[in-house]
Visitor: 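Have a look at this one.
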Amino acid sequence: EAGVAQSPRYKIIEKRQSVAFWCNPISGHATLYWYQQILGQGPKLLIQFQNNGVVDDSQLPKDRFSAERLKGVDSTLKIQPAKLEDSAVYLCASSVAQVTGANVLTFGAGSRLTVL
Amino acid sequence: SQQGEEDPQALSIQEGENATMNCSYKTSINNLQWYRQNSGRGLVHLILIRSNEREKHSGRLRVTLDTSKKSSSLLITASRAADTASYFCATDPRRASWGKLQFGAGTQVVVTP
């Protein structure tokens, strides 16, 4: 099966500019996640979708970050305006809905953002 | 804030040796998972252990879980250069409805030939 697709792989922008990342999860995976991974740290959950509804966005900086998953398939994460501290890898992951109490994530390769 | 904390932060071993890393967490869990991340890549799931399990094996991987101490360990036996990567534990909180995994900061493992 095809993996989780993300684009672009790399993006360099100036602070205060905007950027958008796209993710296409594995076919049939109802749950989609966006994680932020700062260099040297573990991934931090930004937002979790179940189909096209938001399950958790408690750690999403809503003044500058937005995400959508309109048709319950692919998703877009946007940052506007970007700050220096937004430099990180943005990882998209997907999973099937929990049926056995275990939720295993499949990650994409990530989109590396550098804010200058 | 991150739920799990891995120890050590970094580990350097030679091929053929065993690598052991530990993970401590704070709240009750449904299960605990270990992921590997090669440089510049996404994370790959390695193994999952449920809260009612104490030990699990998968190939050269052995995971233990002690819920009374809120800790887990990952052992990689007979390491290979290809095992060079960062390893993360992730906890699936008991009260979460849809498996909101929380990751630790990771252990960076370097295996030299």
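The structure displayed is predicted, hence computed values, not measured ones. Hydrogens, waters and symmetry mates play no part in the numbers below; they use all other heavy atoms, side chains included. Order of the sequence lines fixes the chain letters, A, B, ..., with proteins taken first and strands second; residue numbering starts at 1 for each chain.
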Visitor: Can you name the nearest heavy-atom pair linking B/F88 to A/Q41, along with the distance?
Guide: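 Closest pair (atom of B/F88, atom of A/Q41, distance): CE2-O, 4.0 Å.
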Visitor: Name all residues meeting the ring pair (Phe, Tyr, Trp, His ring centres under 6.0 Å) criterion together with A/F49; count only those two or more places apart in sequence or in a different chain, and write none if there are none.
Guide: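 None.
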Visitor: The criterion is side-chain contact (heavy atoms from CB on, under 4.5 Å); which residues satisfy it with A/D57, sequence neighbours excluded?
Guide: A/I47, A/V54, A/L60, A/K62
Visitor: Within the supplied structure, the quantity of interest is the number of heavy atoms (other residues, nucleotides, ligands) at a distance under 6.0 Å from B/Q9 CD; does it exceed 12?
Guide: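 Count not over threshold, so no.
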Visitor: Looking at A/L39, I want to see if its CG is surrounded by more than 12 non-hydrogen atoms of other residues, nucleotides or ligands under 6.0 Å.
Guide: no
Visitor: Could you tell me which residues in residues 32-49 of chain B have at least one non-hydrogen atom under 4.5 Å from a non-hydrogen atom of chain A, sorted by residue number?
Guide: B/Q33, B/Y35, B/Q37, B/G40, B/R41, B/G42, B/L43, B/H45, B/L48
Visitor: Counting neighbours of CZ on B/R80 that are heavy atoms of other residues, nucleotides or ligands and sit closer than 6.0 Å, is the number greater than 12?
Guide: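 12 or below, so no.
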Visitor: Kindly check if the number of other-residue, nucleotide or ligand heavy atoms within 6.0 Å of NZ (A/K11) is above 12?
Guide: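 Counting other residues, nucleotides and ligands, NZ of A/K11 stays at 12 neighbours or fewer.
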Visitor: So which of A/Q6, A/Q37, A/R112 has the largest heavy-atom pair count under 4.5 angstrom toward chain B?
Guide: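 Winner by heavy-atom pair count: A/Q37.
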Visitor: Please check if the number of heavy atoms outside A/R16 that lie under 6.0 Å from its CZ is greater than 12.
Guide: no
Visitor: Of all residues at least two apart in sequence or in a different chain, which pass the ring pair (Phe, Tyr, Trp, His ring centres under 6.0 Å) check with B/H57?
Guide: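 If we apply the ring pair (Phe, Tyr, Trp, His ring centres under 6.0 Å) test to B/H57, skipping adjacent residues, there are no hits.
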Visitor: What's the shortest heavy-atom distance between B/N31 and A/N103, and which atoms?
Guide: ND2-N, 4.4 Å
Visitor: Kindly compute the distance separating CG (A/L91) from CZ (B/F103), expressed to the nearest 0.5 Å.
Guide: 9.0 Å
